[in-house]
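Below is one structure, written out as C-alpha cells; the observations come after it.
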Amino acid sequence: MPRNRPVSTGHVEQPTEQATVSSTPLARVLVTSRLFAPEPAAASFRLRAVANALDRSGAHVQVLTTKAPAALAGNSDGTRSGVRVSRAPVLRDRDGYVRGYLQYLSFDLLLAFRMLFRKRPALVLTEPPPTTGAVVRVICAIRRVPYAYYAADIWADAVGAVDTPGVVTRLVRWTELFALRGAARVLSVSQGVTQRLAELGISDTVRTIGNGIDIETFSSDGPRESLDGPVLLYAGTASEVHGAGIFLEAFEHVLAVRPEARLVFLGQGSDRPAIEQAAERFPGGTVRFFPRAEADSVAAWLRGAAASLASVRPEQNYDFAFPTKLYASAAVGTPMIFTGVGPGAGFVRESQGGWAVPYTVEAVATAMIAAVDQASADEHSVSRERLSDWARKTIGLDGVADRAVVALREVARHTAPRDSKDPNPAPNNTEGRSR
C-alpha cells in the first residue's frame, strides 16, 4: 500500500436518480474503517454522513474503527445518538497517521477478530485500503454476510502513478480486485471512478452516489485565520500524484510583483519535505508550513485565504482523480486555483469559482497574481457568497449519504431478513465506545 492515501476521486457529477428511501429495512449495519470522525479526512466525513443517514432510516449502526489520536481524543465524533462507534488501538506512523504496511496490518488483523466475535449484521460497509476490503470479504464469506465497498478511489492506479515497484502495483491491484469483486454493492464517488471500474470488469454491482463535503463545518460563516498579507493556501495532502511543488515554483514569480503575498501549506504528504527544503530560498515568513489540522481549523484558514490551491500532476494515468480540497474551498466560498488534469478543472469552471489553468509555472503564477489582486480589491465579495450558496445546493454530503442508503437497501431487498429494527442491540463488548 502507498504511504500516502491516494487523492480522492470524487466530483460534482451527481447521479440523476432521485435519492428516495426504500421501505426495505436494514436491521443491523456494520461500518469498518481505519479512519472516522473526529479524525479529519474525507473518508471520515462521508462515513459519518452515511452512518447518520442509516440511523435516520431505522437501521442499527455500529462503526468499527480506531482510537483517535491523543490530540483529538476528547472531541465529539458528530454521530447521532443511535450510532455506536467502537474504537480499538492501532499503530500510527511517526506523524500520527494510519498509513503504510504495518499501520494497515495493525488495523486489519484486529478487525478480523472484531468482526468474527460480535452479533451477525445484515450488511457490512467497508472503506479502503484494499487490504481492509480483502479482510472484510473473507470474514463476510465465513459469516455469510453481504458487504458493500466504498470506492472513493482506485488505489492500484494511484500506486502505479508514482515511483512504485511493479510487483507492489500488481499486488495492490490483485488485492483491490479481490475486495471489489466480492462486494454485493460498490459505491462509486464519481462517473470517472464508475467508468474505470467498468474497465476493470466491475459494473453490475456499482452505484454512482457522488461525493461532497460537510457544509455545516465548511460554511462561509465562522472564524478566519489570517497572516500579514493575502494568503494562497494549499490545504491537504501533497503527494506525488498532486505535484504541489508547482505552486512553490510559481510563487517565486508572484513575489516579484506582489511581495505582500503569502504561501501556506497546511497538511502532510510525501512531497512535503522536498517542498519545505525548496522553500528555504524564499524570504523568511513568505512561505509557511503547518501540520494537518482539524476540520474547523481548515475551514478558518480557507475563509481567510485569497484563494485555495489544488493540483493533479499530468501524465500519470490517473486522470480521473479529483482533490476533495476543492469541495471545502467552494463550500466556504473561497476562490479556487486548480492546475493539472482530471475533473477538478470542470468543477472550477462549473462553479464559476476561480481559475482552472494548465500545469505550467507561468499559468499558475498568473492565476495566483489574479487571486491576490481580487482579494485586495474586494475581500468579502458577493461572488464568495454566491460560490458558497452554489456549493450548499450542489455538494452537500447529506444528499450523497441518502443515495448511499438507497444503494445499500437494494442489497437488503435480496439478502437481508425482513425483520424490523432490533429492540435489543448487542452490547458493545469491551471495546471503547466513542460519543
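Basis for what follows: all heavy atoms, side chains included, without hydrogens, waters or symmetry-related copies.
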Mind checking whether Pro129 and Glu176 have side chains closer than 4.5 Å, heavy atoms only?
no

Validation row: Val135, Leu109 side chains within 4.5 angstrom (heavy atoms)
no

Any donor-acceptor pair under 3.5 Å linking the side-chain atoms of Glu294 with those of Asn75?
yes

Taking the six-membered ring of Tyr97, is NZ or CZ of Arg292 closer than 6.0 Å to its centre and within 45° of its axis?
no

State whether the number of non-hydrogen atoms from other residues, nucleotides or ligands found under 6.0 Å of Glu199 atom CD is greater than 12.
yes

Of Arg92, Lys67, Arg34, the one forming a salt bridge (Lys or Arg N to Asp or Glu O under 4.0 Å) with Glu39 is Arg92

Please confirm whether the ring centroid of Trp155 lies under 6.0 Å from the ring centroid of Tyr149.
no

Which residues pass the side chain to side chain contact (heavy atoms under 4.5 Å, CB included) test with Ser297, not counting sequence neighbours?
Ala293, Trp301

Check this for me: does any side-chain nitrogen of one of Arg185 and Glu410 sit under 4.0 Å from a carboxylate oxygen of the other?
yes

Is the closest basic N to carboxylate O distance between Asp221 and Arg303 below 4.0 Å?
no

Begin from the C-alpha positions of Asp108 and Arg137 and carry the test salt bridge (Lys or Arg N to Asp or Glu O under 4.0 Å) through to its verdict.
CA-CA 12 Å; Asp108 294 336; Arg137 176 174 178 175; over 6 Å; no

Between Phe218 and Tyr327, does the ring centre distance come in under 6.0 Å?
no

Is NZ or CZ of Arg99 both nearer than 6.0 Å to the six-membered ring centre of Tyr104 and within 45° of the ring axis?
no

For the residue pair Thr32 and Glu127, confirm or rule out a side-chain donor-acceptor distance under 3.5 Å.
no

So for atom CZ, which belongs to Phe290, do other residues, nucleotides or ligands contribute more than 12 heavy atoms lying within a distance under 6.0 Å?
yes

When you compare the side chains of Thr208 and Thr194, does any donor N or O come within less than 3.5 Å of an acceptor on the partner?
yes

Donor on one side chain, acceptor on other, Ser239 and Asp271, under 3.5 Å
no

